[in-house]
Amino acid sequence: MVTSLKDTTTLHNGVKMPWFGLGVFKVKDGSEAADSVRNAIESGYRSIDTAAIYKNEEGVGQGIKEAGVSRDELFITSKVWNADQGYETTLAAFDASLKKLDIDYLDLYLIHWPVDGKFVETWKALEKLYKEGRVRAIGVSNFHIHHLEELLKEAEIKPMVNQVEYHPHLTQVELREYCEKEGIQLEAWSPLKQGELLEDETIKQIAESYRKSPAQIILRWDLQNKVVTIPKSIKEYRIVANADIFDFELSAEDMDRINALNKNERCGPDPDNFDF
Ligand SMILES: NC(=O)c1ccc[n+]([C@@H]2O[C@H](COP(=O)([O-])OP(=O)(O)OC[C@H]3O[C@@H](n4cnc5c(N)ncnc54)[C@H](OP(=O)(O)O)[C@@H]3O)[C@@H](O)[C@H]2O)c1
């Protein structure tokens, strides 16, 4: 059982990644990003998930500095954007992200989306960065099983993480089992379905019975399903409350009730059909 914000999962290369972190999609660069990141780290978070396309890496870097926690205690993720995919362009994009974040290595670098005809070359660049020690772990995002299969045919190093849309309306059972079998850690994006699931009646009922909030129930459900989770908030009281999930455990029956809410329904694009 995960018992604190600092608890980690061990990736297949031995690197330890926190089960819980802060997402910063749609967080504005500058003080909004810096304040969210600083508040999160000050309240015990150790993992921050950004991406080049979020255009807030400078603010995130600022927040990291302001928090004053030593770099080796933190776990910083960024992602290469679709327009930068390809070998040389990915290497350049990695340098640009590090520069904006003002740090000298990343803990995790992800291919943001499986761009057809490009992602294998992009992966080769990630492998180079990994072998050079410039990133401690490499992975993918928004990969279906068939994307992973295609990548694994060419890869020298297996991805350590697959970050995908995952929440009670999209439980990704097959993908989760596949990743578990392959030793690839699944990570949930939009774990709260961008807020929509907080109004779900079943989740609300379960929340009442544990005297917890709907968000806390969903985030606890992620961890009990062995899925890393990175809820986003810019509000300090929510950043603190979202992480207050280590003093209770959902029963097997309640886990099943939440699992049964699956509708294979996305709030974001399907990785088989995106046009960006
Ligand atoms: N790899 C990818 O393609 C991809 C795609 C999307 C997201 N992500 C990552 O995953 C992270 C999380 O996903 P997300 O940001 O899309 O959605 P999310 O975490 O499911 O939901 C965030 C939304 O919920 C609100 N919220 C957070 N905690 C709440 C609470 N306790 N009560 C009520 N409302 C609450 C936030 O508002 P406030 O900020 O106002 O609190 C925000 O509007 C992102 O930030 C990003 O790092 C990755």
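Counting starts at 1 for both ligands and their atoms, following the listed order. Worth saying up front: this structure is predicted, and the values here are computed from it rather than measured. The basis for the numbers below is simple: all heavy atoms, side chains too, and nothing from hydrogens, waters or symmetry mates. Counting from 1, the numbers follow the sequence of the chain as shown.
Side chain to side chain, Asn56 and Thr50 meet the donor-acceptor criterion of an N or O pair below 3.5 Å.
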Given Asp107 and Arg46, is the salt bridge (Lys or Arg N to Asp or Glu O under 4.0 Å) satisfied, shown in steps? CA-CA 11 Å; Asp107 295 280; Arg46 290 295 173 262; over 6 Å; no
Would Trp189 and Tyr166 count as a ring pair (Phe, Tyr, Trp, His ring centres under 6.0 Å) here? Give the steps. CA-CA 6 Å; Trp189 65 252; Tyr166 177 90; over 10 Å; no
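Taken from NZ in Lys153 to CG in Leu148, the straight-line distance is 12.0 Å, to the nearest 0.5 Å.
Pocket lining of ligand 1, defined as residues with a non-hydrogen atom under 4.0 Å away: Gly23, Val24, Phe25, Asp49, Tyr54, Lys79, His112, Trp113, Ser141, Asn142, Gln163, Trp189, Ser190, Pro191, Leu192, Lys193, Gln194, Gly195, Leu198, Ala215, Ile230, Pro231, Lys232, Ser233, Ile234, Lys235, Arg238, Asn242.
Val69 and Ile230 fall into different hydrophobic clusters, where Ile, Leu, Val, Met, Phe, Trp and Tyr are joined by side-chain heavy atoms under 4.5 Å apart, directly or via other members.
Glu196 pairs by the side-chain hydrogen bond (donor to acceptor under 3.5 Å, both in side chains) definition with Lys193, not counting sequence neighbours.
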